[in-house]
Engineer: 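Here's a structure for you.
Quick caveat: nothing in here was measured; it's all calculated off a predicted structure. Labels below follow one simple rule: chain letters A, B, ... track the order of the sequence lines, proteins then strands, and each chain is numbered from 1.
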Number of protein chains: 2
Amino acid sequence: MGDHKPDHLLENGSATMLNPLDPEEFRRQGHMVVDFLADYYHNIEKYPVRSQVKPGYLRELLPESAPLKPESIEKILQDVQEEIIPGITNWQSPNFFAYFPSSGSIASFLGEMLCTGFNTVGFSWITSPAATELESIVMDWLGKMIQLPKSFLFSGGGGGVLHGSTCEAILCTVVAVREQKLSVIGRENIGKLVVYCSDQTHSSLQKSVTIAGINPKNLRPIVTTKSSNFQLSPHSLELAIVSDVKAGLIPLYLCCTVGTTSSTAVDPLGALCEIAEQYGIWVHVDAAYAGAACFCPEFRHFLDGVEGANSFSFNAHKWFLTSLECCCLWVKDPAALIKALSTNPEYLRNYFAESEQVVDYKDWQMALSRRFRALKIWLVLRSYGVTGLRDFIRGHVKMAKHFEGLIATDKRFEVVFPRNFALVCFRVSPLVIPRDKDVNEFNRHLLESVNASGDAFMTHAVVGGVYVIRLAVGATLTEYRHIDKAFRLVQEHANVLLCVY
Amino acid sequence: MGDHKPDHLLENGSATMLNPLDPEEFRRQGHMVVDFLADYYHNIEKYPVRSQVKPGYLRELLPESAPLKPESIEKILQDVQEEIIPGITNWQSPNFFAYFPSSGSIASFLGEMLCTGFNTVGFSWITSPAATELESIVMDWLGKMIQLPKSFLFSGGGGGVLHGSTCEAILCTVVAVREQKLSVIGRENIGKLVVYCSDQTHSSLQKSVTIAGINPKNLRPIVTTKSSNFQLSPHSLELAIVSDVKAGLIPLYLCCTVGTTSSTAVDPLGALCEIAEQYGIWVHVDAAYAGAACFCPEFRHFLDGVEGANSFSFNAHKWFLTSLECCCLWVKDPAALIKALSTNPEYLRNYFAESEQVVDYKDWQMALSRRFRALKIWLVLRSYGVTGLRDFIRGHVKMAKHFEGLIATDKRFEVVFPRNFALVCFRVSPLVIPRDKDVNEFNRHLLESVNASGDAFMTHAVVGGVYVIRLAVGATLTEYRHIDKAFRLVQEHANVLLCVY
């Protein structure tokens, strides 16, 4: 076959390009990008945290079409530096306190490198046994670490799976119980199914419920109040259920939250699960953010009652040193997921799948294709250890407490809600804002002023009508000096605004 | 604040650990993993392509719980080598011909590194303007390269988005048109909606339709035949629609395929879209695999008629040098997607979103969280250029043709279906198999024998009752010598089996 021109080699003008996976070129370019990123982390505090570009900035910089000929990595990295980085909001900056931060780490980065390097597609066990088995193992490890009841672990008849997002986790569990229920009551009754949550529940639930074809009118966001710290009230839940049942509707699913997005409120799981059980409702516990804290024994009590739930999820990609995307979902009854989500086309059939000795994760999630996500969790657990991870989270909680202490030193400010984890909700107090001015509007201006400086990035929430500035400690590089700086920054911008108001 | 113990530093016995994103430690460990993977690619042919481990192999090797204390990267990489790699099915091996291969590349790997390194969460424009804008730009670039009608591009009122999988792309478009339709006919009629496809359509459609709450009985997989090369017949489609309409059902969605999984059949888009238009049906064109080929002008005719469709997707993570996960979806009417999928909780509200000057991709997809996927596509397009990508695909097609040629040299084998792209469907001919033996069963044994050798990995399909062995050329490292070796391997195993049969 020696007369074949090696067609896999690319023509680059007169020169011949290497194979796109040539190991030595991989090595050369890989090292360059490692150095590029190490330098980025070194310099990260020099960049504005929230990008300062204007809409459409990049269309003005880039050509209208893809290049015809290959370009060098040197040129591309120069463009990343000059064109892309200015347009990035720097989530890894130590001055990033917005939303809930995404805490990257070296271990997770390396896990992603291995995942991308192997580029396996782990839909069935046989397509990469290690991908499936490591995932099951780390999900059991994590489940034990966070003291989930054994019924959520593989060893107890349940099991865990890595999804991309909470939305996917909720969607899959909603579909699992929807199919279960419809098989009993008849598919024509899909319009009668009701889903419960609080008015603090993350919008992922609303989206999942819409996607699953549940009537949007049958989503019941139950009103919470400041007097109960914006927790979902078991009594209000029961009233809503009873009223729906009377109206001929069929309760299906309840989403409880441990650590709401706006104020990290924690729903009382035990009491809620008891009520749900009476009505045969599937309970999902969404601990997307605060789940990470519950790995520390002193925070574990926030999960008390989870033993009554049907499924539980937390996002390792928020506050667990793991890069996007990584949502850990456990279910007590994997068969419900599998029954709703499994497909068995001939082209995927194989001996191992039919032997029922293995997990085929394609039937535990939405998509067929799936990356080897377990690698990054495994590297994080091993590189930092249980104690290291706990200390990391405790460090952030202490820094948030420190910020609370700073707020207390300046009477113009107030902490609006009790702090449960590493999120502080604060504002300029109504007492210092001129009476004819809107307090919420003032704080909104203050936040925008702080963020426009580029020196820190925080976001807001409105809870019980009160506009609060949210400072969430969670970026990996954050130290006490950044907390102190953030407080001074808020003070300075408040000073200016209070003068002009 | 100097009296604070730096709590973010981890205790490791008596030693103090570095911050988990320490730039110099990042550099050191990053370089190690680059070298580890470069060595993996060097040695990749030494590993069995399909993993040879037994179910449960990894539980026997790993401890029952996560380690308490941090472990070194050196020890972890040793375990990756000794415990994980044996359990991997090596999708990047040049001897991987199964399913549709996942063609990784250096450029895509670097794009993933940058994406993970920045670890931005691009749900709204403001959370990383570059992530949104680069995605819109590369989707327009790709759309132009593949000659999509302007109505699919941002410049023509449509637009593109990067999803994780075809399943997600189909699900989101099904939900978009489902909501559109239900708003007209009333939500109580969800049970009347009908989705059309062929019996060759990928199982992703079935799964998406189930998740979306469409009655599974209303999925119409229309029978295809060998005489029409397993294309979906416009006539059969129309008969099915007419019959459904007569029965009071409501046609909703049609999924056409360009390059089916079993045999790369191509549905006649033009004629199918014409019929769909008459009945107000949303047409999605799933070119998950073969879309990549259509970037070459000589294959573009397979997409003729796509101008009549509402949405189009192909998986860059299959045959476009891009690592998982990366499904490119274009829609003519983004407003339909946004209307069905948008959520606007207070905590995500921002000036730019409300100014309607920007794209907020959270409303174009299922999840809220999203990675900066556009980086890897951008790096692939720039590193290889349009010509490089086309040559890469052409090289694989020529290698598949070469394999066909080899099959033709041995009368015991036959190519079962005409080859459209780089997939060859072949088998041992019934003529040489003893009359009392089952032809399909023989070929199944042959495939299992080949795969058990570890020297190559192919998979199968059953189309029109015929069991075929599928050899899909698509791994980046594959050269002619691997094709030749694969053919000799098949011959050798057939020799042995024909003796014992």
Engineer: If you apply the rule side-chain contact (heavy atoms from CB on, under 4.5 Å), what do you find for A:I76 with B:S383, and how did you get there?
Structural biologist: CA-CA 8 Å; A:I76 295 170; B:S383 292; 3.5 Å; yes
Engineer: Assess, by modelled atom type and distance only, whether the side chains of B:H317 and A:N119 contain a donor and an acceptor separated by less than 3.5 Å.
Structural biologist: no
Engineer: If you look at every heavy atom in A:L110 and B:I73, which pair is closest and at what distance?
Structural biologist: CD1-CD1, 3.4 Å
Engineer: Any chance you could lay out the side-chain contact (heavy atoms from CB on, under 4.5 Å) test for B:E188 and A:N215, step after step, and finish with the verdict?
Structural biologist: CA-CA 9 Å; B:E188 67 279 10; A:N215 189 334; over 6 Å; no
Engineer: Relative to chain B, which segment of A:N350 carries a heavy atom at a distance below 4.5 Å: side chain, backbone, both, or neither?
Structural biologist: neither
Engineer: Would you check if B:E112 and A:R371 make a side-chain contact, meaning some heavy-atom pair closer than 4.5 Å?
Structural biologist: yes
Engineer: Taking side-chain contact (heavy atoms from CB on, under 4.5 Å) as the test, write out the residues that go with B:A131, two or more places apart.
Structural biologist: B:S128, B:F372
Engineer: Angle between ring planes, A:F26 versus B:F109, binned at 30° and 60°: parallel, tilted or perpendicular?
Structural biologist: tilted
Engineer: Closest approach of B:R59 and A:I137, non-hydrogen atoms and distance?
Structural biologist: N-CD1, 3.7 Å
Engineer: Would you mind checking which part of A:S369 comes under 4.5 Å of any heavy atom in chain B, side chain (CB onward), backbone (N, CA, C, O), both or neither?
Structural biologist: both
Engineer: Check whether B:I126 gets within reach of chain A through its side chain, its backbone, both or neither, counting any heavy atom under 4.5 Å.
Structural biologist: both
Engineer: For B:E168, which residues count as a side chain to side chain donor-acceptor pair (under 3.5 Å) partner, sequence neighbours excluded?
Structural biologist: none
Engineer: Taking the side chain as every heavy atom from C-beta outward, state whether A:Y99 and B:V121 have any pair of such atoms under 4.5 Å apart.
Structural biologist: no
